[in-house]
Amino acid sequence: MDIEKALKELEAALKEELNSIKTIEALQDLKAKYLGKKAELSLMMRHMKDLPDQDKPTFGQTINQAKQRFSKHIEHHRKTLETLKLNKKLEKETIDVTMTAPSYRLGTTHLLNQIIDDIEDLFIGMGYLIKEGPEIESDERNFEMLNLPKNHPARDMQDSFYVTEETLLRTHTSPVQVRTMLEYGGQKPVKIICPGKVYRRDDDDATHSHQFMQIEGLVVDETTSMSDLKGTLLAIARRMFGEDRQIRLRPSYFPFTEPSVEVDVTCSKCDGKGCAMCKHTGYIEILGAGMVHDNVLRMSGYDPEVYQGFAFGVGVERLAMLKYGIDDIRHFYTNDLRFNRQFK
Ligand code: PHE
């Protein structure tokens with residue numbers, strides 16, 4: 001038997017068959033067919049015992065070399081199949097980076113908070129601290145220490161929600177100013193703004209709300225004057241309504257300030273010429289302010305012979321309504337997204 005020739009034919013048959021093998025499983029079967037115990041190659045090996053001794057080593061070597069070659073062919077094909085399989089898998093799992101992603105709507109900061117943030121920014125830039133306090137306050141800090149003793153007629157200006165005889169929902173953020181002055185013990189200058197929610201017993205309508213937001217400011221120092229106040233008010237007016245705005249001060253009354261003023265800003269819609277928004281006056285009232293009353297300084301531990309101060313209070317809703325021409329204060333609280341989303 002011509003063993004070399006037989007092996008060559010067998011190898012050619014294997015190669016031929018490999019060409020049509022498409023799966024690893026089929027390859028396993030083919031491997032068994034050519035290299036397994038019952039494979040032709042294994043059967044040939046059995047002939048060895050019939051050969052003369054001197055021929056046995058060459059015969060064995062030839063068969064073994066063939067075995068190795070067969071194995072190599074099969075393993076080579078296995079690698080090819082595996083690569084194909086991997087490529088197919090990768091192709092299927094490709095991420096299409098050009099596909100449009102689902103869009104998520106991001107929330108926005110509520111307009112009132114935007115205004116507060118803006119004003120806080122302005123005042124932080126001028127060296128103020130931001131102070132907050134509780135919404136349930138004592139009658140003492142909300143009224144008495146602000147020069148509004150019990151039964152003072154000016155208490156009617158701020159109709160209140162009482163919680164107990166001596167505590168109420170604060171009607172303004174001025175008690176935070178009292179708290180700060182007490183904290184400083186009458187010893188060091190004060191320069192703060194106090195943003196926060198306040199409550200008054202008003203019937204809700206387009207321009208009134210039983211709950212609203214306020215920002216008050218307080219400066220107490222040894223040289224604080226009315227002109228410092230005016231400059232500060234002008235800074236607020238311009239930050240809110242534009243750099244061309246002017247302000248005017250009108251005499252007014254607050255129990256905690258003396259003198260007290262009402263602050264008007266030139267109408268940003270008509271530039272002071274007169275229009276429907278400013279009721280043809282050219283001015284719009286934006287806030288109340290004044291020089292801190294001696295009694296208030298004294299009650300909080302500051303000597304009015306040494307210290308003077310100014311204070312102002314502004315309604316955040318009112319600012320927002322004027323700035324954006326919003327005609328109903330209730331829009332701020334009903335959380336209609338169509339309203340909220342307009343202010344990004
Ligand atoms: N606390 C006053 C109010 O709520 C506002 C104000 C503050 C007025 C400071 C003058 C000075 O009406």
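Positions are given from 1 along the sequence. Just so you know, these numbers come straight off a predicted model, no measurement behind them.
For Arg200 and Asp202, the salt-bridge test fails: no basic side-chain N is under 4.0 Å from an acidic carboxylate O. Salt bridge status for Glu17 with Lys33: present, with a side-chain N to carboxylate O gap under 4.0 Å. Taking a cutoff of 4.0 Å between a charged side-chain nitrogen and a carboxylate oxygen, Asp139 and Arg155 qualify as a salt bridge. Under 4.0 Å is where a charged nitrogen must lie from a carboxylate oxygen, and between Lys72 and Glu75 no such pair does. Ion pairing between Arg245 and Asp271 holds under the 4.0 Å rule for side-chain N and carboxylate O.
Side-chain contact between Tyr302 and Val296 is absent, with no heavy atoms from C-beta onward closer than 4.5 Å. Contact check for Lys22 versus Leu27: no side-chain heavy atoms found under the 4.5 Å cut-off. No side-chain heavy atom of Asp121 sits under 4.5 Å from any side-chain heavy atom of Asp117. Here the side chains of Ile284 and Arg318 are in contact, with some heavy-atom distance below 4.5 Å. Within the 4.5 Å cutoff, no side-chain heavy atoms of Val314 are placed close to those of Gln214. By the 4.5 Å heavy-atom criterion applied to side chains, Leu249 and Lys230 are counted as neighbours. Counting heavy atoms from C-beta outward, Glu132 and Val176 have side chains that stay 4.5 Å or more apart. Residues Leu168 and Phe161 fail the side-chain proximity criterion, which asks for heavy atoms closer than 4.5 Å.
Residue Ile124 is grouped with residue Val316 when hydrophobic side chains (ILVMFWY) are merged at heavy-atom distances under 4.5 angstrom, including chains of intermediate members. Transitive grouping of hydrophobic side chains (ILVMFWY, heavy atoms separated by less than 4.5 Å) brings Leu287 and Ile130 into a common cluster.
Side chains of Asn142 and Thr171: a donor-acceptor N/O pair is present below 3.5 angstrom, by distance only. A side-chain donor-acceptor contact under 3.5 Å links Asp205 and His208. Side-chain contact annotation: Tyr333 with Glu317, donor-acceptor N/O pair under 3.5 Å present. In the model, His73 has a side-chain atom that pairs as donor or acceptor with a side-chain atom of Glu11 under 3.5 Å. Residues Ser174 and Glu216 have side chains that bring a donor and an acceptor to within less than 3.5 angstrom of each other. One side chain, Thr167 or Thr164, offers a donor N or O that lies under 3.5 Å from an acceptor on the other.
Leu18 and Ile74 get closest at one heavy-atom pair: CD1-N, 4.3 Å. Considering every non-hydrogen atom in both Arg141 and Ser138, the closest pair reads N-OG, 3.1 Å. When all heavy atoms of Thr23 and Ala26 are compared, the pair lying nearest together is OG1-N, 3.1 Å. Residues Thr223 and Asp228 approach most closely at O-OD2, 3.6 Å, considering heavy atoms. Residues Pro255 and Asn147 come closest through the heavy atom pair O-ND2, 2.9 Å. Of all heavy-atom pairs spanning Cys275 and Lys269, the tightest one is SG-CB, 4.1 Å.
Atom-to-atom distance recorded for Ile193:CD1 and Leu218:CG is 11.5 Å, nearest 0.5 angstrom. Separating the CD1 atom in Ile24 from the NZ atom in Lys31 is a distance of 11.0 Å, to the nearest 0.5 Å. For the atom pair CE (Met291) and OG (Ser260), the distance works out to 11.0 Å, reported to the nearest 0.5 Å. Atom-to-atom distance recorded for Cys270:SG and Met277:CE is 8.0 Å, nearest 0.5 angstrom. Note that CD1 of Ile326 is 5.0 Å distant from CG of Leu111, once rounded to the nearest 0.5 Å. Interatomic distance, His210 NE2 to Asp204 CG, rounded to the nearest 0.5 Å: 5.5 Å.
Crowding of Arg250 atom CZ: a count of heavy atoms from other residues, nucleotides or ligands under 6.0 Å exceeding 12. No more than 12 heavy atoms of other residues, nucleotides or ligands shown are found within 6.0 angstrom of NZ on Lys88. By the 6.0 Å contact criterion, CG on Asp50 is enclosed, its count of non-hydrogen atoms from other residues, nucleotides or ligands being greater than 12. Summarising the local packing, NZ of Lys67 is surrounded by 12 or fewer heavy atoms from other residues, nucleotides or ligands at distances under 6.0 Å. Counting non-hydrogen atoms of neighbouring residues, nucleotides and ligands closer than 6.0 angstrom, the CD atom of Glu40 reaches no more than 12 such neighbours. Surrounding NZ of Lys279 are at most 12 heavy atoms belonging to other residues, nucleotides or ligands under 6.0 Å away. Surrounding NE2 of His76 are at most 12 heavy atoms belonging to other residues, nucleotides or ligands under 6.0 Å away.
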Begin with the C-alpha distance, continue with both residues' side-chain angles, and end with the deciding distance and a verdict on side chain to side chain contact (heavy atoms under 4.5 Å, CB included) for Ile119 and Leu319.
-> CA-CA 11 Å; Ile119 292 187; Leu319 283 183; 3.6 Å; yes
So Met44 and Ile63, side chain to side chain contact (heavy atoms under 4.5 Å, CB included) or not? Walk me through it.
-> CA-CA 8 Å; Met44 283 178 185; Ile63 301 259; 3.7 Å; yes
Apply the test ring-ring contact (aromatic ring centres under 6.0 Å, His included) to residues Phe256 and His172: give CA-CA distance (whole Å), side-chain angles for both, the deciding distance (0.1 Å), then the verdict.
-> CA-CA 12 Å; Phe256 24 82; His172 46 189; 5.6 Å; yes
Let me have the donor-acceptor pairs involving side chains of residues 94-102, under 3.5 Å, with sequence neighbours excluded, atom names and distances please.
unit_1 : atom_1 : unit_2 : atom_2 : d
Thr94  : OG1    : Leu90  : O      : 3.0
Thr94  : OG1    : Glu91  : O      : 2.8
Asp96  : OD1    : Thr98  : N      : 2.9
Asp96  : OD1    : Thr98  : OG1    : 2.6

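Of the possible polar contacts, none joining the Lys191 side chain to the Gly217 backbone as a donor-acceptor pair under 3.5 Å is found. Thr266 places a side-chain N or O within 3.5 Å of a backbone atom of Gln246 that can act as its donor or acceptor partner. With hydrogens and angles ignored, the 3.5 Å screen pairs no side-chain donor or acceptor of Asp221 with any backbone N or O of Thr224. Side-chain atoms of Glu222 do not come within 3.5 Å of backbone N or O of Val306 as any donor-acceptor pair. A distance-only check finds a donor-acceptor pair linking the side chain of Thr173 to the backbone of Cys194 [under 3.5 Å]. Side-chain atoms of Tyr199 never come within 3.5 Å of backbone atoms of Glu135 as a donor-acceptor pair (strictly under, hydrogens ignored). Judged by distance alone, with hydrogens and angles left aside, the side-chain atoms of His293 form no donor-acceptor pair with the main-chain N or O of Leu146 at under 3.5 Å. At distances below 3.5 Å, at least one donor-acceptor pair connects side-chain atoms of Thr62 with backbone N or O atoms of Thr58. The main-chain N or O of Lys38 is never found under 3.5 Å from a side-chain atom of Ser42 such that the two would form a donor-acceptor pair. Judged purely by atom type and a 3.5 angstrom limit, Ser209 has no side-chain atom pairing as donor or acceptor with the backbone of Phe212.
Here the rule is salt bridge (Lys or Arg N to Asp or Glu O under 4.0 Å) with Glu137, and of Arg170, Lys197, Arg179 only Arg179 fits it.
Phe332 and Phe339 have perpendicular rings, their planes meeting at more than 60° on a 0 to 90° scale where under 30° would count as parallel.
Screening residues 108-131 for ring pair (Phe, Tyr, Trp, His ring centres under 6.0 Å), with sequence neighbours left out, gives Phe123-Tyr128, Phe123-Phe312.
Geometrically, Lys188 engages Tyr184 in a cation-pi contact, judged by NZ or CZ lying under 6.0 Å from the ring centre and within 45° of the ring axis.
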